[in-house]
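Residue numbering restarts at 1 for every chain, and letters A, B, ... go by the order of the sequence lines.
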Amino acid sequence: MRVIGIADANNFYVSCLRSFNPKLIGQPVIALSNNDGCVVARSNEAKKLGIKMGQPLYQIQKKVADYNVQVFSSNYELFGDMSRRVFGTMQRFVGEFFPYSVDEAFFAFDSYEHIDPGVEEFCRFIRQTVDQWTRIPISIGLAETMTLAKVANKWAKSHPECQGVFWLDTPEKRDEILDQFPIEDLWGVGRQYQERLKRHGIKTALQLSRMPHDWIQQFMTVEGLRLIYELQGIPCRSLDTEPLHKKSICVAPSFGRKVTQYSTVYEAMATYLARAAEKLRRHGSAAGVVTVFLHTNRFDRIGPHHYGSQSVALPHPSSSTTELLNYAEPLLKAIWRDGYDFQKVGVILNEIVPVEHQQKLIFADSPDPRYNVLSQVVDRLNQKHGRDKLRVAAQGYDKSWKIKQRYQSPCYTTKWSDILTVK
DNA sequence: TCTGGGGTCCTAGGACCC
DNA sequence: TCTGGGGTCCTAGGACCC
């Protein structure tokens, strides 16, 4: 028998910070999104204070002060590195392993009968090892399908007696848990579906799983149908969720302040494009379509507002920053309007293909090979000497538009100067 | 003052074809 | 009153995820 597991770090970003700063243990701690905008991770103590996921920081300033909540800006360097360490540890113990997000990974045991002393105990051992090696607490859910494993995982988290691991191993247990499982906690049910389902009197996962198939399909498309099959123990999702190459790459952080100057927006756009192209090259891919968009802050009551977006198809897929920039610049010019306070510019790359599978076109110019050589040299130098040491001039040196990070934490594992010293 | 970023999949409807 | 039928492709937008 095959069993699917999902391991999920508890309060991941907060746990990363606590791993290196034990003083934070037992305290309310939150981690913020880019620009210190919203809450994206909360310690259990912070959750108890009623701080919600995604809540803007300015709405909870009083709570933060009153309860001495420890606040930290995002630190993707640290979080990404800790993610690699947690996954690396787990991978030693399971055969099939599929990272799903920065803090979650699915895995599978093709047969578990031989596992001694049993699947759950073995997973508890994995969990203890991850904790010992990284100080990141994880929870593990086990079941026949990915959706049920997610349910089991959530159950493990909220029931301490499970010791971090829960297995939905029989149909009886499955129905018993689904009967107590609210639909809004299901994987694939968001706010819209939740409200609409409740209007039809559907509140639990068990109720949902017993609805007629044609009704579900009409109501929630085939995704809903897949969901209820999965709840019944029939796998409909593929574990291999990580596609060979991404379908799109988007880089679009908001500015740290309002920007009205074309030259500033252009520098930001060139910088984002360089990021996107680096990512393309890391994946060994090239993009066939570039999109640039630009907008004002939609929360701003006093206008005027402007939203612009334009795309262009390239004559051949490219991953060269300089070449892509040649196509992106006219797009920005086309959507630019004077006299607005812009909040964000963004770059999206689409029609992404693996470099080695690129179609050769008969009539179009073939790509200039010098672009690729140049990109490779730039990547190598920057890898050695630091990001953006070598860059296109269009990226500029101003950077006044960069995101705000008022509550930075050290990069404990990736910067020499930030490594902890033992005295 | 202050409201994230980066993805995926699906559907409806329009344009167009014979 | 009544205006074919059966396709494909593309795009915008909605829903979801972490």
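With the 3.5 Å cutoff on both pairing distances, Watson-Crick and G-U pairs in DNA chain C assemble into runs of at least 3 at B:5-18 with C:5-18.
For the pair A/R92 and A/W133, the NZ or CZ position fails the cation-pi test of under 6.0 Å to the six-membered ring centre and within 45 degrees of the ring normal. A/F109 does not carry A/R2 over the face of its six-membered ring by the limits of under 6.0 Å from the centre and within 45° of the normal. Annotation: cation-pi geometry satisfied between A/R391 and A/Y397 (NZ/CZ under 6.0 angstrom from ring centroid, within 45° of ring axis).
The six-membered or imidazole ring of A/Y340 lies away from that of A/H305, with a centre-to-centre distance of 6.0 Å or more. Taking the six-membered ring wherever Trp is involved, the centroid distance between the rings of A/F342 and A/W401 does not fall below 6.0 Å.
Comment: A/E104 engages A/K150 in a salt bridge, judged by a side-chain N to carboxylate O separation of less than 4.0 angstrom.
At a threshold of 4.0 angstrom between heavy atoms, the contacts of A/L227 with the nucleic acid are absent. Across all strands, A/V102 comes closer than 4.0 Å to no nucleic acid atom at all (heavy-atom distances). Across all strands, A/K258 comes closer than 4.0 Å to no nucleic acid atom at all (heavy-atom distances). Counting any heavy atom pair closer than 4.0 Å across all strands shown, A/R298 reaches no nucleic acid atom. Residue A/S74 is classed as having no contact, given no heavy-atom separation below 4.0 Å to the nucleic acid. Note on A/I249: only backbone sugar-phosphate atoms sit closer than 4.0 angstrom, heavy atoms only; bases stay farther off. A/E104 comes within 4.0 angstrom of sugar-phosphate atoms only, judged by non-hydrogen atoms across all strands, and of no base. Here A/D103 lies in heavy-atom contact (under 4.0 Å) with sugar-phosphate atoms only. Counting any heavy atom pair closer than 4.0 Å across all strands shown, A/R257 reaches no nucleic acid atom.
In this structure a side-chain-to-backbone donor-acceptor pair under 3.5 Å is missing from A/S83 to A/F79.
The footprint of chain A on DNA chain C, defined by a heavy-atom cutoff below 4.0 Å, extends from C/dA15 to C/dC18.
Looking at which nucleotide of DNA chain B each of A/Q343 and A/R226 is closest to, the 5′-most match is held by A/Q343. Across the interface with DNA chain B, nearest-nucleotide mapping of A/T221 and A/S254 shows A/S254 to be the residue nearer the 5′ end.
A side-chain hydrogen bond (donor to acceptor under 3.5 Å, both in side chains) with A/T291 is found for one member of A/S311, A/S248, A/S309 and no other, namely A/S311.
At a cut-off of 3.5 Å, with distance as the only test, no side-chain donor of A/T260 or A/D341 sits close to an acceptor on the other residue.
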